[in-house]
2 protein chains.
Amino acid sequence: MQERAGIKDVAAAANVSIKTVSRVINGVSTVEPAMRKRVEEAIALLNYVPNTAARSLKTGAGNTVGVVVDSIDDVFFSSLVSAIEDRAIPMGLAVIVGSTGFDAARERDQLLRLAGQNVRGVILAPVGEEHDFLEPYRSIMPVVTVDRSVPGFDSVTVDDYSAAREGVELLVASGHRRIAMVGFDSRIQTANRRRRAYEDVLVAHGIPLDPQLVPEVSFESEAARGALQNVLALEEPPTALFLANARHAASVVAAMHHLGRTDLAVLSFGDFSLADSVQPSISAIDQDPYLLGALAFERLVERLADPTLEPVDRTAPTEFRSRVSHTIRALAPADRAPAPTERG
Amino acid sequence: MQERAGIKDVAAAANVSIKTVSRVINGVSTVEPAMRKRVEEAIALLNYVPNTAARSLKTGAGNTVGVVVDSIDDVFFSSLVSAIEDRAIPMGLAVIVGSTGFDAARERDQLLRLAGQNVRGVILAPVGEEHDFLEPYRSIMPVVTVDRSVPGFDSVTVDDYSAAREGVELLVASGHRRIAMVGFDSRIQTANRRRRAYEDVLVAHGIPLDPQLVPEVSFESEAARGALQNVLALEEPPTALFLANARHAASVVAAMHHLGRTDLAVLSFGDFSLADSVQPSISAIDQDPYLLGALAFERLVERLADPTLEPVDRTAPTEFRSRVSHTIRALAPADRAPAPTERG
DNA sequence: ATGAAAGCGCTAACAA
DNA sequence: TTGTTAGCGCTTTCAT
């Protein structure tokens, strides 16, 4: 690795002042073609790459926006990032992505790093409950949160509660009383909102809550598989599944197929690839992460233009993808192996 | 947005020298607890965030590695990035991701930006054919390419050609002579290697090549759907499908289901979620992007430790996921509507 | 059209 | 233990 050339080296090699080099690399037109040519040759010769760090130190503002997500290896987040890129790039803004691994400490680090990089603004999508550490940033750079509302910040959220309620209602309407929620992670704000909806529906129908039906699951997609097996091994197993998020949904569905348990009614919060092609097709509440990203970026741009704006919370719509799985009816008790009960 | 506080402001507020502030924010232990406390209070009060740009300008090296991918919204790439993050974060390295949208010009921009940010090194995963612009970087920072070999650089690749050959052989062995390759994009190096394998197998078996069976498809996943329909509408439609990549594979399979054409034999280059759960289950050549990322990062670390290393090309293994779809046999000609031929 | 010099926020000698 | 000073690579006045 040779010593890296700086603007001075280029200037010396081209026998011009550093200012002329600066003009060339910034595309300023008032440079004699001959000089420009000399400079360009020197740049090529020395493999010169302008140091953005120095540039943004001087100018005080880079041309990047930051995005923080929990896990890039999750279609929800990658689609969200995609929407942001699709809009940022044409504006000449680069997007830099950092992920947290669902770890609040890492979220803080990422934010610190971005703030220190002179990013123009940040879109913050991790869905942890904690958010006290955000406070200082409010005054130093535009921040838009996704799927998590934090007082004083712009946010884009989904009405998880209502959508989840409607979904669980449908399962109840198909005759189910033992409904498991698979994929619940108590660290995640959206998961808690969806759980509340689930419980409220059951209570409204006089169905007893059973915590065993809502196993805590970590974010690894394999975890959901184990949770499914545990839940099916219960004395009074569920006849329907409410899947807490798309990430886990795909692996639960795969696990169901492996176990040959496609008799279960299923509703997924979050649509996923091939949900429509498996047998039976899986009904889903679709929250479009691409749309969430687009809305968040739009808001960021607004705030960039006018930092004095009052923070707002935008709500993105969900759509119900009605397919087959949620209409599967509960088995008549006679079809099940008799389970011992107190009331026997 | 208030004026952002700098180290000087903090020093003034805490009534200490800037060096003391520097010590505090860098966790140097030789600071009197009382002073440290004063500084920390000032930091909190002013919402001070250290400027990483200035820091890395001074020290000459940041603590980030860069990753460039074509599209973050593609499980292949997001899984690759994930592997890199999983290894970098524990080492105290942050990962910054940029994507190209399959655009060579944007790839150059991203690389320039990363090089200008003082990243320690870069993993370059875009799979375009072009790579002349890489040359200058060889001497200024460690670069490892994935799925694209470039002379003079380390790379991690998959033996696309052999794996694709074996796969297409299987299709031929099931009696197919009209085999379409869906998802081909001529701009992509891997696609070209896979196409060569496909053609070589057909030629080896005396099966005529038909360019109509290899429609050019852009990277949007919807594009594959149209390509499938076109190919099925040919006078002599294919009885088997060789899917060029996982991205398109999932949408082609979905389209097949919509069209009710699950009678086609299918083999996918690249495994995808639920491939095993659809009916019939889809056979795939699995190239593990997570593994590719892990290998690439490993090599980057080696080169960071010793920049004088000779470039090497590591080949990652593929695995054949034998499921049902590739065993579907060609329909007997009698079952097809008779197609007019020259030879009548 | 070109150049000289100052300074962005920070760290690293070196001094005290 | 703490402070002073120089300078990282660049852009930006302000001259020329």
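What you see below is based on every heavy atom in this structure, not just the backbone, and it leaves out hydrogens, waters and symmetry mates. Order of the sequence lines sets the chain letters (A, B, ...), proteins ahead of strands, with each chain counted from 1.
Judged as a salt bridge (charged side-chain N to carboxylate O under 4.0 Å, His left out), the pairs with a partner in residues 59-78 of chain A (not counting sequence neighbours) are, in order, A/Asp74-A/Arg247. For the salt bridge (charged side-chain N to carboxylate O under 4.0 Å, His left out) condition, the pairs that include at least one residue of residues 12-39 of chain B, sequence neighbours left out, are B/Arg36-B/Glu40, B/Lys37-B/Glu41.
One finds no salt bridge joining A/Glu107 and A/Arg113 here, because no Lys/Arg side-chain nitrogen approaches an Asp/Glu carboxylate oxygen to under 4.0 Å.
For the side-chain hydrogen bond (donor to acceptor under 3.5 Å, both in side chains) test, no residue two or more places apart in sequence or in another chain qualifies with A/Asn51. Scored by the salt bridge (charged side-chain N to carboxylate O under 4.0 Å, His left out) test, B/Asp109 finds no partners at all (sequence neighbours excluded). Judged as a ring pair (Phe, Tyr, Trp, His ring centres under 6.0 Å), and not counting sequence neighbours, the contacts of B/Phe102 are B/Phe219. With sequence neighbours excluded, the residues that form a side chain to side chain contact (heavy atoms under 4.5 Å, CB included) with B/Ile43 are B/Val10, B/Ile25, B/Val39, B/Tyr48. Partners of A/Glu85 according to the salt bridge (charged side-chain N to carboxylate O under 4.0 Å, His left out) rule, which considers only residues two or more places apart in sequence or in another chain, do not exist here.
Looking at B/Arg148, its side chain does come within 3.5 Å of a backbone N or O of B/Gly128 through a donor-acceptor pair.
Shown for residues 30-40 of chain A: residues whose heavy atoms fall under 4.0 angstrom of DNA chain C, namely A/Thr30, A/Val31, A/Glu32, A/Met35.
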With the criterion being N/O to N/O and under 3.5 Å, what pairs connect the protein with nucleotides 6-8 of chain C, and how long is each?
from, atom 1, to, atom 2, distance (Å)
C/dG7, N2, A/Lys58, NZ, 3.2
C/dG7, N3, A/Lys58, NZ, 3.2

Find every protein N or O atom lying less than 3.5 Å from an N or O atom of nucleotides 13-16 of chain C, and list the pairs.
none

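The C1' atoms of five pairs define one axis at each end of the helix from C/dA1-D/dT16 to C/dA16-D/dT1, and these two axes lie 30° apart (to 10°).
Scanning DNA chain D 5' to 3' for nucleotides with an atom closer than 4.0 angstrom to a non-hydrogen atom of chain B gives a first and last hit of D/dT1 to D/dG9.
Within a 6.0 Å sphere centred on CZ of B/Arg187, other residues, nucleotides and ligands contribute more than 12 heavy atoms.
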